[in-house]
Trainee: 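Have a look at this one.
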There are 2 protein chains.
Amino acid sequence: MKRDSRLSSVLHALLHMAEHDGRMTSDALAQCLGTNPVVVRRTMGLLRKQGLVDSDRGPSGGWRITADLDKVTLRQLHEALGEPAFFAIGHRQETPECLVEQAVNAALDDAFGEAEALLLKRFAHVTLADLAKDFARRHRERKAAKD
Amino acid sequence: MKRDSRLSSVLHALLHMAEHDGRMTSDALAQCLGTNPVVVRRTMGLLRKQGLVDSDRGPSGGWRITADLDKVTLRQLHEALGEPAFFAIGHRQETPECLVEQAVNAALDDAFGEAEALLLKRFAHVTLADLAKDFARRHRERKAAKD
DNA sequence: GCTTCATGTAACTTCATATGTTACGATTCG
DNA sequence: CGAATCGTAACATATGAAGTTACATGAAGC
């Protein structure tokens, strides 16, 4: 199954932007992500609607984070992307007449509902600042390993 | 994203088989599920490999459960289907050189890993017998509502 | 103003994959 | 032998993320 990697993408982009002074163009971000600038604009546009970033046109234009790193959570980003489905496994029919299928759906909803609640809770706790801190740690470690 | 509904399908099929004396044909199961008999054979074939069901050809042939209902767990069925991915959200790149992407992957792996562990634990606890019991309860309730 | 650099966005293509369908061979029962 | 049934390959369809092309819009600098 093809997985939605937009959350991964925007996190990657936002952290690069956080490490970078001034604006970054769609082209530069696309290079960081190994993708196409139009894809960047499309995806970042969703974050702009939530006021997390802004963009400017023309020379010296590009993208910039407008929110506090320690205020932006994975949950918010997931919402900004339109709350894509977490799970790749689902029902065959949403509102079945058949009682057998109802029992099956109930059992699956139970398990997946619990897992989703856990994910949402975790997502609400993790901020961009947390990721930036982890990145900085990895950066120090790599540097130390070189010396 | 298109979700894999095979787990839902096999549960539905197995419960119908459990309620039914003797073998059920792929055609009959396909009608229960609202799908095609070839899809049924394809999917049930995976369960046969694990010894959960068997099939006979010719007239009076069809499918039959060979395992104990209270021994078969959702976990086993998920395994029999080849352990399809639980999540529809993933990394953009599996083993990135970029430290930013490594930090992103680590954070996502953390959250999704925990959710997956929870799901596997739940799946290991739920048996076909549990579902059959829940179905019977729904059946009684519908009957009571009619009277 | 003109040129250049950048975003905004529509339209289209590509790719992956679950699901559905057709076709036909193999096996079993009566 | 003939009908019923599974086994399986090959092909078709559908969906949605991701990538691409094309062009319009707007801003900065000369």
Side-chain angles (χ1 to χ4, degrees), chain A residues 1-10 12-13 17 20 22-49 53-64 66 78 81-94, chain B residues 1-10 12-13 17 20 22-49 53-64 66 78 81-94:
Chain A
M1 166 132 349
K2 195 157 204 171
R3 295 162 112 188
D4 184 335
S5 63
R6 286 176 302 164
L7 182 58
S8 170
S9 292
V10 297
H12 194 162
M17 287 160 69
H20 185 272
R23 294 180 179 277
M24 283 186 79
T25 65
S26 304
D27 260 298
L29 289 170
Q31 276 210 304
C32 289
L33 303 187
T35 180
N36 187 293
V38 176
V39 175
V40 171
R41 289 200 272 273
R42 190 188 291 157
T43 313
M44 297 298 286
L46 297 171
L47 304 194
R48 183 181 45 215
K49 282 187 194 158
V53 299
D54 70 2
S55 58
D56 259 6
R57 303 206 231 200
S60 82
W63 299 87
R64 187 182 53 171
T66 52
H78 180 245
L81 295 175
E83 305 199 332
F86 283 125
F87 300 109
I89 289 181
H91 301 151
R92 129 166 242 101
Q93 208 190 335
E94 277 320 309
Chain B
M1 169 136 345
K2 195 155 205 173
R3 298 162 109 186
D4 184 335
S5 63
R6 287 177 302 165
L7 182 58
S8 170
S9 292
V10 298
H12 194 161
M17 286 160 69
H20 186 271
R23 293 180 179 276
M24 283 185 79
T25 65
S26 304
D27 259 299
L29 288 170
Q31 277 210 305
C32 290
L33 303 186
T35 181
N36 187 295
V38 177
V39 174
V40 171
R41 285 185 211 124
R42 190 188 290 158
T43 313
M44 296 298 285
L46 297 172
L47 304 194
R48 184 182 43 216
K49 281 188 193 157
V53 300
D54 70 2
S55 59
D56 260 5
R57 301 205 230 201
S60 83
W63 301 87
R64 186 183 52 173
T66 52
H78 180 247
L81 295 174
E83 304 199 334
F86 283 125
F87 301 109
I89 288 181
H91 301 152
R92 129 166 242 100
Q93 207 189 337
E94 278 320 309

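Order of the sequence lines fixes the chain letters, A, B, ..., with proteins taken first and strands second; residue numbering starts at 1 for each chain.
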Trainee: Rounded to whole angstroms, how far apart are CG on Asp4(B) and C1' on dT15(D)?
Mentor: 14 Å
Trainee: Report the nucleotide, chosen from dT8(D), dG19(D), dT7(C), that has the shortest atom-to-atom distance to any side-chain atom of Trp63(A).
Mentor: dT7(C)
Trainee: Using a cut-off of less than 4.0 Å, is there contact between a side-chain N or O of Thr35(A) and OP1 or OP2 of dG19(D)?
Mentor: yes
Trainee: Whole Å only: how far is the CG atom of Asp27(A) from the P atom of dT21(D)?
Mentor: 13 Å
Trainee: Go through dG19(D), dG7(D), dT21(C) for me and flag the one nearest to the Ser55(B) side chain.
Mentor: dG7(D)
Trainee: Among the candidates dC6(D), dA10(C), dT21(C), find the nucleotide nearest to the side-chain atoms of Val38(A).
Mentor: dA10(C)
Trainee: Measure from CZ on Arg23(B) to P on dT28(C) and round the result to the nearest Å.
Mentor: 12 Å
Trainee: Verify side chain to side chain donor-acceptor pair (under 3.5 Å) between Ser8(A) and Arg92(B), making sure each step is shown before the conclusion.
Mentor: CA-CA 6 Å; Ser8(A) 170; Arg92(B) 129 166 242 100; over 6 Å; no
Trainee: Rounded to whole angstroms, how far apart are CG on Leu29(A) and P on dA6(C)?
Mentor: 12 Å
Trainee: Determine whether a donor-acceptor pair (N or O, by modelled atom type, separation under 3.5 Å) exists between the side chain of His78(B) and the backbone of Pro84(B).
Mentor: yes
Trainee: Rounding to a whole Å, what distance do you find between Arg42(A):CZ and dC12(C):C1'?
Mentor: 11 Å
Trainee: With the side chain of Arg41(B) defined as its heavy atoms from C-beta on, choose the nearest nucleotide among dT4(C), dA17(D), dT8(D).
Mentor: dT8(D)
Trainee: Measure NE2/His91(B) against C1'/dA17(D) and give the value in whole Å, please.
Mentor: 17 Å
Trainee: Between Ser26(B) and dT5(D), is there a side-chain N or O to OP1/OP2 distance below 4.0 Å?
Mentor: no
Trainee: Starting from P on dA16(C), measure out to CZ on Arg3(A) and report it in whole angstrom.
Mentor: 16 Å
Trainee: Considering only dG25(C), dT19(C), dT7(C), which nucleotide approaches the side chain of Arg57(B) most closely?
Mentor: dG25(C)
Trainee: Considering all heavy atoms of both residues, which atom of Phe87(B) and which atom of Arg3(A) are nearest to each other, and what is their separation?
Mentor: O-NE, 3.4 Å
Trainee: Across the strands shown, which category fits Gly45(B) at heavy-atom distances under 4.0 angstrom: base, sugar-phosphate, nothing?
Mentor: nothing
Trainee: Specify the separation, in whole Å, of atom CG of Asn36(B) and atom P of dA10(D).
Mentor: 18 Å
Trainee: Quick check: closest heavy atoms across Arg23(B) and Ser60(B), and the distance to 0.1 Å?
Mentor: CD-O, 3.8 Å
Trainee: Between Ser5(B) and dT19(C), is there a contact of a side-chain N or O with OP1 or OP2 at under 4.0 Å?
Mentor: yes
Trainee: Give the nucleotide from the list dA3(D), dT7(C), dT4(C) with an atom nearest to the side chain of Pro59(B).
Mentor: dA3(D)
Trainee: Tell me which nucleotide among dC6(D), dT19(C), dG19(D) gets nearest to the side chain of Arg6(B).
Mentor: dT19(C)
